[in-house]
Protein chains: 2
Amino acid sequence: MSNPPGRIRDVAKETGLSIATISRVMNGSKNVSPQTRQRVLEACERLDYLPNPAARALSTAKSRTVAAIIPTIEHSVFAKFISGIENTLSAQDYSLVMAISNGDPEEELAAARKLLGMGAEGFILSGAAHSPALLDLLERRRVPFALTSVWDAKSTHPTIGYDNSALAAEAVDYLSSLGHRRIVVIHGPLSNSDRTLARREGAQSRHSGGTKMTFIETDLSVTGGRKAISDVLAKDDRPTAVLCFSDVLALGVYFGLAEAGLRIPEDMSVMGFDNLDWAKETHPALTTINLPAAQIGRAVAAQFIDHLENGAPLRSTHLEAAIVQRASVKDIRGSDAG
Amino acid sequence: MSNPPGRIRDVAKETGLSIATISRVMNGSKNVSPQTRQRVLEACERLDYLPNPAARALSTAKSRTVAAIIPTIEHSVFAKFISGIENTLSAQDYSLVMAISNGDPEEELAAARKLLGMGAEGFILSGAAHSPALLDLLERRRVPFALTSVWDAKSTHPTIGYDNSALAAEAVDYLSSLGHRRIVVIHGPLSNSDRTLARREGAQSRHSGGTKMTFIETDLSVTGGRKAISDVLAKDDRPTAVLCFSDVLALGVYFGLAEAGLRIPEDMSVMGFDNLDWAKETHPALTTINLPAAQIGRAVAAQFIDHLENGAPLRSTHLEAAIVQRASVKDIRGSDAG
DNA sequence: ACCGCCCATGTAACCGGTTACATGGGCGGT
DNA sequence: ACCGCCCATGTAACCGGTTACATGGGCGGT
């Protein structure tokens, strides 16, 4: 029957009403009599009518599309983040268009142009560092954007996330409080990851007194973590604890230590960052920092909807992240006081 | 200057040309003189002009939007798959809209309606089993779709992926060939996952002769794998090999065996399915089946583009998946011939 | 020198919605 | 009984592109 998808004029014809009334029903306008509404709804059902989103977007000048650019989707933290965004957006009939930047500001800029060309009317960016050309582009076009997975009260742009620097400092404090004085920090590439940089700076801020801290940069992967720990083991001065700025790296450390015949936490303590699903299942269970990735996704998406529908300003929002104490860090106070 | 985003009529005014010519330049039509083209391009640059995608979609009746529905994005295999789709699509200025069904056909149907309402003109579905209402909906609206991560020559719909049943059978054959006669198969929920079901049936098809096979259904997570293996260890009749229908489950088995003080593969062999990034880094390195997730994503996206642009039919495509032999499976021929 | 064709460009209709404004029927208040 | 207001509904312009068809200038062939 309706070979080309039903159009609003078909529904009007079917019901004997005008297209304006059909449109009012579809948009939940109040000035429609209940009988008419009912009649229209039935006709829509019969004709399988779905309003054409392009036509709607054109006449309302609203695309109901939000863009997100993430460095990678293969890291679970970002997958959860995207999933949180997607859920919240689609519940309000918004679409998400996303792009993957591989952490490269130039790729990010190119992706943003594409997404703009797809009608995105809001941008969810990851991290605090971006090409000035990108920020300029968005500002010139008056497209709102937010920086996520970071929280920085001093930023001139809205930031929604946690305080990477403070969390890393907290992790070091935690290890110190349990008597660890020789700590190796393993982290992913600093280039193009301001979040990693912030964590490193936070850790470094605790680099005082009797604590010796060494930083190792490696690939952000299980492989990277494993490589890093084998380098550590090759040297003489072994740390008592390894702090990884991602659970993925910690998993590599687990395998590296297992291969070397070292036990966690008896021979070496290991702490992660992320609290991925499996972190509680490792052997021993991984002590880590719980990052609320899905929650950030939901929060930022909700803010965008509120902004686009009601003009509510985007607000910087600090989400809590806390240490989850499990079994991979040992209290070595007294036993090894040096 | 251009507070509202530049429109095609602004560019026309700026260059003294008509909107038709501007449109021709933007679409790469051949009948435009080089000087004019140049002049238009410069004006577009100056005015920061990007064609309004809604207007374009409305007048061409093409949204350049493809939908993908996946059961979850938190499993790396799907994250890679989506990433493959997204890359290929965006290179041709198509957008991806995606939804997560949690493996529930009703949620999938609801999501599909939303995505249709967002203008999707092609659907990438996961697995072979879907609500009849969904298939009916898509067929009635003449929206093309493909079933992915499965390959079934007998399906009436295009399937793009690997043969889950054959791969599982191959895995069992491989274990048998190394002397394993008591095999436990650990898999995720059968309900709503025809892919898991196909694998189970494939394995079962080898349930002949002297091989004893036991199937355990659990959550598709590290936790699930760990729970399953601890149930196995609690019983008397221990298997010589554990085949997991996901690397994630295998990781749980690794931790469960480590906790029980059992060594892999000396005390028990473990085999996975997926070949996730970290599989080569576990200790011992995991023998598994390499599923070409990103490749499927790229292949299906490329087919959709070709279909939507040139009318090329969607073709069922069989992608190779092969066993990756690493160190987690032991050859026990001779040592334990019973 | 002139005719005709081709190519670059323009005109205007159209895609399918939304919404400001117009219209008119019915009901309440006097 | 009549007036006026309100509410349900309709008319038509508009959003910003694309494209079929129209137009006219210049060049090549005779």
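Throughout, protein chains are lettered first and strands after them, A, B, ... in sequence-line order, and every chain is numbered starting at 1.
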Next item on the list: State whether a side-chain donor-acceptor pair under 3.5 Å links Gln303(B) with Thr317(B).
Entry: yes
Are Tyr94(B) and Glu309(B) linked by a side-chain donor-acceptor pair shorter than 3.5 Å?
yes
Measure from the side-chain N and O atoms of [X] to the backbone N and O of [Y], and report whether any donor-acceptor pair falls under 3.5 Å.
X	Y	answer
Ser33(B)	Thr36(B)	yes
Asn102(B)	Asp104(B)	no
Thr65(A)	Leu96(A)	no

Distance below 4.0 Å between Ser23(B) side-chain N/O and dT18(D) OP1 or OP2:
yes
Can you tell me if Asn52(A) touches the phosphate of dC15(C), counting only side-chain N or O atoms and a distance under 4.0 Å to OP1 or OP2? no
Taken in chain and number order and not counting sequence neighbours, the residues that satisfy salt bridge (charged side-chain N to carboxylate O under 4.0 Å, His left out) with Glu106(A) are none
Once base and sugar-phosphate atoms are separated, protein heavy atoms under 4.0 Å mark nucleotides 4-11 of chain D, 5' to 3', with B, S and - as ----SBBB
By nearest-heavy-atom nucleotide on DNA chain C, the more 5' of Arg9(B) and Thr60(A) is Arg9(B)
Rounded to whole angstrom units, what separation is found between the [atom1] atom of [X] and the [atom2] atom of [N]?
X	N	atom1	atom2	value
Ile8(A)	dC15(D)	CD1	C1'	15 Å
Arg56(B)	dG16(C)	CZ	P	18 Å
Leu58(A)	dT18(C)	CG	P	11 Å
Leu47(B)	dG16(D)	CG	P	14 Å
Lys62(A)	dT18(C)	NZ	P	14 Å

In terms of heavy-atom contacts, Leu17(A) and Val40(A) come closest through CD1-CG2, 3.5 Å
Nearest heavy-atom contact between Ile73(A) and Ile82(B) is CD1-CG2, 4.2 Å
**Prompt:** Using the ring of each side chain (for Trp, its six-membered ring), is Phe145(B) parallel, tilted or perpendicular to His157(B), with breaks at 30° and 60°?
**Reply:** tilted
Computed from five pairs at either end and rounded to 10 degrees, the angle between the axes of the helix from dA1(C)-dT30(D) to dT30(C)-dA1(D) is 30°
